[in-house]
K.L.:
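Pasting a structure below so you can have a look.
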Amino acid sequence: MTQLTLQVSQVSFSILCYLGGKIGSARLRKARPSSESRQKDISRPLALAMDLLCSTYSDSDEDGQPEPFSKRPRLANPRPAINYQRKLQPVNEMREASIPGRYVSKRERALMASLPASAPEPNVEQDIPSSTLGSLSQLDLPLNVMSLLRQKTKGHSRLVGTPEKLPISLNGHRKAVNALQWSTNHAHLLASAGMDHTVHIWNVWNKNQKIACALNFHKAAVKDVKWSKMGWLILSCGYDLTSRLIDVEKGSEVSVFVEDQVLNVVKFHPKNPNLFLSGGEKGHLRLWDIRANQVVHEYIQRLGPILDVEFSDDGREFVSSSDVSCRNVSENSIVVWDLAREVPLSNQIYGEAYTCPCIRRHPFEPCFVAQSNGNYIAIFSWSPPFRLDKFRRYEGHGVSGFPIKCSFSSDGHTLGTGSADGSIYLYNYRSTSLVKKIEAYSSACTDVAFHPTISNVVASCSWNGDVSVFE
């Protein structure tokens with residue numbers, strides 16, 4: 001009985017819970033508003049809040065009533081517009097301000113390629129290979145000079161006189177002048193080689209313009225210059241490792257002979273003007289043929305830097321001078337060579353450990369002289385065994401390490417030399433006594449060249465770039 005009563009009461013409790021849930025959900029549905037009424041209830045306070053904000057922060061109209069928010073005009077953006085496009089530099093400024101290795105964007109490259117390239121400004125300091133400033137002709141020369149130039153020295157002519165004054169000063173070189181030479185075919189012309197990379201051709205006695213032309217074919221300092229016996233050709237060499245054959249009349253370069261050393265000296269063969277010798281800093285001596293532009297002979301003897309060369313009268317032999325100061329020995333200071341066999345005939349003819357920057361052959365007698373850094377000029381015999389004359393030497397001038405050169409007059413009676421004190425010293429060939437001393441420059445006088453026809457005319461140059469002609 002008791003179990004039946006418990007089951008009935010559990011069923012009744014379940015029925016009552018079910019009915020109670022139904023009645024509660026029905027009441028909740030009746031009390032919940034619809035979606036439209038809910039939207040109206042929410043929008044009403046939002047509208048009131050918006051009107052309150054508008055009345056607080058907006059400007060009032062003339063009647064003091066604020067304008068409705070929906071009717072107010074939209075305010076413009078007070079912030080200025082920002083242009084995010086890249087500000088490009090003008091092309092000309094980019095080219096001027098370009099730095100090597102700087103990255104160039106595609107846009108810059110396209111912009112630079114689209115515009116025409118600006119023409120480069122002319123470089124006023126750029127060297128012109130040849131500039132003709134005067135005339136090479138001798139028509140403007142004085143009559144007395146013309147008559148003297150037509151006279152040819154014959155045999156052992158006597159010296160007309162010693163130079164005593166300075167009538168002609170030739171200005172044009174900007175740096176030191178290393179070498180001078182008169183032309184034998186055109187005796188009114190003088191060539192000079194300078195450290196300013198130029199070779200000057202001087203029309204010495206011209207009334208209007210002394211400098212005939214300036215040749216700028218070399219890329220570095222010019223060490224030596226020689227006239228050819230063929231026409232208007234000159235040969236020059238220098239620090240740009242080349243020897244250059246130049247036509248003075250046309251102002252053009254005929255041939256370039258490239259080597260592997262700085263060249264100090266060139267010398268034409270006395271019998272064959274198509275051959276010339278060259279010597280340089282590495283001690284290499286080469287015989288060139290200008291027709292084929294190639295080396296015919298090369299002379300190897302472990303020499304120091306070649307300073308000067310000189311041919312014998314017949315051209316079968318030549319003498320070379322090299323720098324021996326670094327070895328402190330006299331061997332190979334002066335070497336006599338056989339031209340065809342490429343062998344040295346003697347290399348111990350000068351026993352003193354002095355460098356000889358210049359060698360000159362006497363125009364008539366079988367001997368040659370060598371300028372020594374011992375402040376004297378030594379005399380040697382050209383015939384074997386090429387002995388040094390121990391009883392005669394020319395002393396009084398100074399070398400002091402400068403490349404001082406010397407020269408014989410056309411008649412062979414006078415030997416002229418430059419000096420470190422800027423003076424020209426003229427010695428008598430026979431007695432070796434000093435004939436005349438001419439104080440010419442404030443710096444070292446580096447070269448002296450006697451005129452080939454007028455024996456009392458001598459040209460000289462200095463370490464300051466001055467070129468002068470004494471009469």
Side-chain angles (χ1 to χ4, degrees), residues 178-179 181 193 218 220-226 228 234-245 255-327 329-350 354-361 368-373 380 382 384 386 403 405:
N178 293 314
Q181 193 185 35
H218 283 275
V222 187
K223 290 284 290 182
D224 197 12
V225 61
K226 293 292 188 296
S228 172
I234 64 170
L235 182 67
S236 59
C237 67
Y239 282 90
D240 59 352
L241 315 183
T242 62
S243 301
R244 298 174 184 266
L245 189 66
S255 299
V256 180
F257 310 92
V258 182
E259 299 197 29
D260 59 347
Q261 60 178 349
V262 172
L263 295 173
N264 294 326
V265 59
V266 287
K267 190 80 172 184
F268 278 108
H269 193 277
K271 301 298 182 181
N272 188 354
N274 293 312
L275 302 177
F276 75 90
L277 265 175
S278 68
E281 289 292 324
K282 291 186 178 181
H284 299 162
L285 283 164
R286 296 183 175 99
L287 183 67
W288 289 82
D289 190 334
I290 63 176
R291 296 164 294 187
N293 198 340
Q294 63 181 8
V295 177
V296 180
H297 295 291
E298 188 168 3
Y299 308 89
I300 303 173
Q301 185 63 22
R302 294 183 62 186
L303 302 176
I306 303 298
L307 302 179
D308 202 5
V309 294
E310 181 68 297
F311 280 100
S312 62
D313 188 29
D314 56 5
R316 297 180 181 179
E317 302 165 352
F318 72 91
V319 180
S320 68
S321 162
S322 59
D323 188 358
V324 295
S325 58
C326 59
R327 300 181 182 181
V329 293
S330 59
E331 185 178 359
N332 295 332
S333 174
I334 296 178
V335 182
V336 182
W337 296 84
D338 187 290
L339 183 71
R341 294 187 296 165
E342 303 180 2
V343 294
L345 301 178
S346 178
N347 64 345
Q348 295 181 353
I349 63 176
Y350 187 54
Y354 288 118
T355 296
C356 299
C358 177
I359 295 176
R360 290 293 181 266
R361 174 177 54 88
F368 66 91
V369 298
Q371 179 81 268
S372 173
N373 274 342
F380 298 87
W382 200 283
F386 313 103
K405 297 181 175 64

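In this text the structure is predicted, and so the values were computed from the model without any measurement.
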K.L.:
Between Lys271 and Arg316, is there a donor-acceptor pair closer than 3.5 Å when you use the side chain of the first and the backbone of the second?
P.N.:
no
K.L.:
For the side chain of Gln301 and the backbone of Pro344, is there at least one donor-acceptor N/O pair under 3.5 Å apart?
P.N.:
no
K.L.:
Would you call Asn178 and Val222 a side-chain contact if the rule is heavy atoms closer than 4.5 Å?
P.N.:
no
K.L.:
State, yes or no, whether a side-chain contact exists between Lys405 and Arg360 at a heavy-atom distance under 4.5 Å.
P.N.:
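In short, these two side chains touch, coming nearer than 4.5 Å.
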K.L.:
What's the shortest heavy-atom distance between Glu298 and Glu342, and which atoms?
P.N.:
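Glu298 and Glu342 have their closest heavy atoms at O-OE1, 3.2 Å.
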K.L.:
Mind checking the SG-CZ spacing from Cys237 to Phe257? Nearest 0.5 Å is all I need.
P.N.:
12.0 Å
K.L.:
For the backbone of Asp240 and the side chain of His218, can you confirm whether one donor and one acceptor N or O come within less than 3.5 Å of each other?
P.N.:
no
K.L.:
Tell me, with the steps shown, if Phe318 and Leu285 meet side chain to side chain contact (heavy atoms under 4.5 Å, CB included).
P.N.:
CA-CA 11 Å; Phe318 72 91; Leu285 283 164; 4.0 Å; yes
K.L.:
Rounded to the nearest 0.5 Å, what's the gap from CZ on Arg244 to CG on Leu263? Could you check?
P.N.:
10.5 Å
K.L.:
Provide the closest heavy-atom pair for Ser278 versus Glu259 in the form atom of the first, atom of the second, distance.
P.N.:
OG-OE2, 2.6 Å
K.L.:
When you compare the side chains of Ser321 and Tyr350, does any donor N or O come within less than 3.5 Å of an acceptor on the partner?
P.N.:
no
K.L.:
Of all the heavy-atom pairs spanning Gly304 and Ser322, show the shortest one and how long it is.
P.N.:
O-CB, 3.8 Å
K.L.:
Is a side-chain donor or acceptor of Asp308 paired with a backbone partner of Val265 at a separation under 3.5 angstrom?
P.N.:
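Here the side-chain-to-backbone pair does not exist.
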K.L.:
Do His269 and Phe311 have side-chain heavy atoms sitting under 4.5 Å apart?
P.N.:
yes
K.L.:
Answer whether the closest heavy-atom distance between the side chains of Ile290 and Ser255 falls below 4.5 Å.
P.N.:
no
K.L.:
So which heavy atom on Ser312 is nearest to which on Pro270, and how close?
P.N.:
O-CG, 3.6 Å
K.L.:
Are the aromatic rings of Phe380 and Phe386 close, with centres under 6.0 Å apart?
P.N.:
no
K.L.:
Identify the two heavy atoms, one from Arg341 and one from Leu345, that lie closest to each other, and give their separation to 0.1 Å.
P.N.:
NH2-CD2, 3.7 Å
K.L.:
Please confirm whether the backbone N or O of Leu307 pairs with a side-chain atom of Asn264, one donor and one acceptor, at under 3.5 Å?
P.N.:
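No; judged by distance alone, with no hydrogens or angles, the pair does not exist.
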K.L.:
I need the Leu303 CG to Asp323 CG distance, nearest 0.5 Å.
P.N.:
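Spacing of CG (Leu303) from CG (Asp323) equals 11.0 Å.
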K.L.:
With respect to Trp288, which candidate in Asn293, Val296, Leu235 satisfies the side-chain contact (heavy atoms from CB on, under 4.5 Å) definition?
P.N.:
Asn293
K.L.:
Can you tell me how far CG of Leu287 sits from CG of Leu275, rounded to the nearest 0.5 angstrom?
P.N.:
5.0 Å
K.L.:
Look up atom CG in Leu277 and atom NZ in Lys226, then write down how far apart they are to the nearest 0.5 Å.
P.N.:
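Leu277 atom CG to Lys226 atom NZ measures 11.0 Å (nearest 0.5 Å).
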K.L.:
Which atom names give the shortest non-hydrogen contact between Ser333 and Tyr354, and what distance separates them?
P.N.:
OG-O, 3.4 Å
K.L.:
Whether the side chain of Thr355 engages the backbone of Asn373 through a donor-acceptor N/O pair (distance < 3.5 Å, no angle test) should be reported.
P.N.:
no
K.L.:
Rounded to the nearest 0.5 Å, what's the gap from OG on Ser320 to CD1 on Ile359? Could you check?
P.N.:
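Going from OG on Ser320 over to CD1 on Ile359, the span is 6.5 Å.
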K.L.:
For Val262, does its backbone N or O pair with a side-chain atom of Glu281 as donor and acceptor, under 3.5 Å?
P.N.:
no
K.L.:
Are Val336 and Trp382 packed together at the side-chain level, in the sense that at least one heavy-atom pair is separated by less than 4.5 angstrom?
P.N.:
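No, too far: nothing below the 4.5 Å cut-off.
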